[in-house]
2 protein chains.
Amino acid sequence: MPRAKRSRITVKDLAKDLGMSVSTVSRAFYADAVIAETTRKIVLDRAHEIGYRPNPFAQSLITKKTQIVGMVVSDLTNPFYPEVMTRLTSLLQKQGMNVMLASAEQADGTDEAVDLLLSYQPDLMIVLATNLKSHARERCEAAGAPVIFFNRLSEDGLGHGISCDNVAGGRLAASYLAELGHRELLYVSAFPDASTNVERHQGFREEAMRRGFAAPQVIEAGRFTYEAGYEAGLAVKDLPRRPDGVFCANDIVAIGFIEGVQEGIGLRVPGDISVMGYDNIAMAGWPSHRLTTIAQPLEEMMDATVKLASDLATSTDVAQRILHIPPGRLVERNTVMDWRRAND
Amino acid sequence: MPRAKRSRITVKDLAKDLGMSVSTVSRAFYADAVIAETTRKIVLDRAHEIGYRPNPFAQSLITKKTQIVGMVVSDLTNPFYPEVMTRLTSLLQKQGMNVMLASAEQADGTDEAVDLLLSYQPDLMIVLATNLKSHARERCEAAGAPVIFFNRLSEDGLGHGISCDNVAGGRLAASYLAELGHRELLYVSAFPDASTNVERHQGFREEAMRRGFAAPQVIEAGRFTYEAGYEAGLAVKDLPRRPDGVFCANDIVAIGFIEGVQEGIGLRVPGDISVMGYDNIAMAGWPSHRLTTIAQPLEEMMDATVKLASDLATSTDVAQRILHIPPGRLVERNTVMDWRRAND
DNA sequence: CTGAAAGCGCTTACAG
DNA sequence: CTGAAAGCGCTTACAG
């Protein structure tokens, strides 16, 4: 069967079919174009019948809008991101936008991937998980694509950002552990430059000190991965003081940490040491983990992103917007011990 | 700062800059165009200097090639797919192709998402995880985009396909369990129409019966998810005969199954019941799971996909290709008991 | 409210 | 080997 790359229907065809000019037909597809409503309806109906859609490439050659949003991802071993990615994609598609992907697995590959993506003139870029280097962000903006950082903010504080209030989240973790009788706190840090990491640490530390505790000890896991968390768990034995309450940069790190601490040092969670995460990924609720954590307000974060995206798509000039959405609720499960009750 | 949607550099600009015609400049970007090598080098060098890239939209208006591959995904709670997705994206980008995403979270949403994607005239479609309905596949092909099914084949057997030899994998599972002394086998089935599911079951059953065992019992988990596996684990208590060797449709189902069987029925794995998965996702190696499984030959599968993709991109007529790559190796961990040794 | 014409940024026969 | 011209499928001032 010769795949006869059937030449697709064009405005011309549809115009001839309807006995109208191409101008008129074209106008039917633009809500704010001057055209009789009855004419528009005739065109749209017939278009639907014969399966005509304006060629977006030809369109964008003129409108300079592509309806493409570039999505830069990495770190997909953290289940938080695939979920965000697919749900965001669905939401954006409902707005008529299409998502083009650049995978930034290796830091060095990012640039070329971003450039390739930019040649498609995306209306905007959404950066998930990775820390786009400043010059890459600048290239995006020079190419006319404003960038939205999702969940992590840009290092240089530029670009739009959607994030939850991680400082408040960090405080919440410290309060919770403190209230339950923990005294020797530890923060397990992930990627040191990530705003999420920095802010969660900051909130945790502030709240601990406000309560008159020593500054929490810190283990540098270095990355937001299970493996990094696992190594951090092993590293507990080298700490000057044995911690009783641990707050990890996120869930996947926490899960790795717990397994490291159990396997490597034989400590029990929460019997010997309490551990909390951040995100509330699905896995945190599995019987094998039952991780106490702080939920991200994912719904709100995604809605805000889509809202911002369509604002950026329609209006040419939107002031920098950095949204800090209140952190989600505390999700109590089985990895934190209540020492008050234990001592009753 | 008014974001002055800086008008990008065009062929014209570059031509003027170089004192050449646009034709010549244009030719420099096509390997098989007739142009003096020295001229080409001059053009390319200068293009790189001033950051010129041909506008892919204008290009594809003429060439009818877009360098876009549409990727249809769903089921991203299975960590197997995010990994495939990102690695495949990187590989395709290295070939100069760009990946556009359609998320098919809800079965009903798929169609509109696919249509939207098709309006961008992708050179081909890659379907991960989901079972594109036949009519959707037909629409893709009618729009000139051949489709490659990755890991699962199309229900109607049409379209290109890359998959590992799941029948052989199923046999391998049965042999392994049989050799280790298991006698009462169980298959935990996932999405009933998925080719992977059907073939793994088939191989498992064939090998069991070839060895003179009864046909393995079956629990219908229904989906390739943790939750479905968990429910299946609970359902073990309703089985007429207590199984001792279980093969699950994939790893994530196996992990759920194990937790269901432990939590809900109190059976121990592998003490009371042995369990195997399929895929060898990263999580299968974590201390919390240590799942015995069959690895997918992911590298080979992805290479074959990229190869096929670039064949399809260059040649207009490629015969239907369905590749069954030999299954990966058995990965022995801690969820299968060796009853021979146990009885020594 | 509608149509004829110009033009978006390219590629590719066609001449030379 | 290079250039002038036509044209890909659209949109949008400009007339009417």
Side-chain angles (χ1 to χ4, degrees), chain A residues 5-44 46-47 50-68 96 118-121 123 143-144, chain B residues 5-44 46-47 50-68 96 118-121 123 143-144 314 316:
Chain A
K5 198 101 179 172
R6 251 205 0 231
S7 64
R8 86 190 235 165
I9 307 168
T10 72
V11 241
K12 255 184 180 164
D13 302 328
L14 183 52
K16 188 178 297 175
D17 178 288
L18 289 166
M20 300 177 183
S21 74
V22 291
S23 323
T24 305
V25 170
S26 172
R27 277 190 269 261
F29 291 88
Y30 290 79
D32 46 352
V34 216
I35 183 178
E37 269 316 312
T38 58
T39 316
R40 165 174 282 141
K41 187 163 170 7
I42 293 171
V43 174
L44 259 25
R46 186 74 184 133
I50 65 176
Y52 168 76
R53 276 188 190 236
N55 180 331
F57 290 52
Q59 278 183 309
S60 70
L61 220 46
I62 298 177
T63 62
K64 306 293 177 204
K65 290 281 173 194
T66 58
Q67 305 283 80
I68 291 177
L118 282 177
S119 75
Y120 283 83
Q121 307 267 74
D123 291 343
Chain B
K5 199 101 180 174
R6 249 206 1 230
S7 63
R8 84 191 238 166
I9 307 168
T10 71
V11 242
K12 254 183 180 164
D13 301 327
L14 182 52
K16 189 179 296 176
D17 179 286
L18 290 166
M20 299 178 183
S21 72
V22 290
S23 323
T24 305
V25 170
S26 172
R27 277 189 270 261
F29 291 88
Y30 292 79
D32 46 353
V34 216
I35 183 179
E37 270 315 312
T38 57
T39 315
R40 163 172 285 139
K41 187 164 172 3
I42 293 171
V43 175
L44 259 25
R46 186 72 183 133
I50 66 178
Y52 168 75
R53 275 188 191 235
N55 180 332
F57 290 177
Q59 278 183 309
S60 68
L61 222 45
I62 299 177
T63 61
K64 307 294 177 202
K65 290 281 175 197
T66 57
Q67 306 282 79
I68 291 179
L118 282 178
S119 75
Y120 282 83
Q121 307 267 73
D123 291 344
T314 52
T316 165

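First the proteins, then the strands, lettered A, B, ... as listed; each starts at 1. Just so you know, these numbers use all the heavy atoms, side chains as well, and skip hydrogens, waters and symmetry mates.
Listed by chain and residue number, nothing satisfies the salt bridge (Lys or Arg N to Asp or Glu O under 4.0 Å) test with A/Arg27 (two or more places apart in sequence, or in another chain). Residues that satisfy the side-chain hydrogen bond (donor to acceptor under 3.5 Å, both in side chains) test with B/Gln59, not counting sequence neighbours, are B/Tyr30. With sequence neighbours left out, the salt bridge (Lys or Arg N to Asp or Glu O under 4.0 Å) criterion links B/Lys41 to B/Asp45. With sequence neighbours excluded, no residue forms a side-chain hydrogen bond (donor to acceptor under 3.5 Å, both in side chains) with B/Ser60. In this structure B/Thr63 satisfies the side-chain hydrogen bond (donor to acceptor under 3.5 Å, both in side chains) test with no other residue, sequence neighbours excluded.
Under the salt bridge (Lys or Arg N to Asp or Glu O under 4.0 Å) criterion, the residue pairs touching residues 14-24 of chain B are B/Asp17-B/Arg46, with sequence neighbours excluded. Contacts classified as salt bridge (Lys or Arg N to Asp or Glu O under 4.0 Å) and involving residues 29-38 of chain B (residues at least two apart or in different chains) are given here: B/Glu37-B/Arg40.
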Quiz item: What is the per-nucleotide protein-contact pattern of nucleotides 10-16 of chain D, from the 5' end, where B denotes a base atom under 4.0 Å from a protein heavy atom, S denotes such proximity for sugar-phosphate atoms only, and - denotes neither?
Solution: BBBB---

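Secondary-structure annotation of DNA chain C gives the stems C:1-3 with D:14-16, C:5-12 with D:5-12, C:14-16 with D:1-3, with a stem taken as at least 3 successive Watson-Crick or G-U pairs whose two distances both fall under 3.5 Å.
Nearest-nucleotide mapping onto DNA chain D: of B/Ile35 and B/Leu61, the residue sitting toward the 5' end is B/Ile35.
Computed from coordinates, the A/Leu18 CG to C/dT2 C1' distance equals 14 Å when rounded to whole Å. Rounded to whole angstrom, the span from the CD atom of B/Glu37 across to the P atom of D/dT2 amounts to 10 Å. A straight line from CE of A/Met20 to C1' of C/dA4 spans 17 Å, rounded to a whole angstrom.
Across all their heavy atoms, A/Ala28 and A/Leu44 have their closest contact at O-CD1, 3.7 Å.
Note on A/Thr39: only backbone sugar-phosphate atoms sit closer than 4.0 angstrom, heavy atoms only; bases stay farther off.
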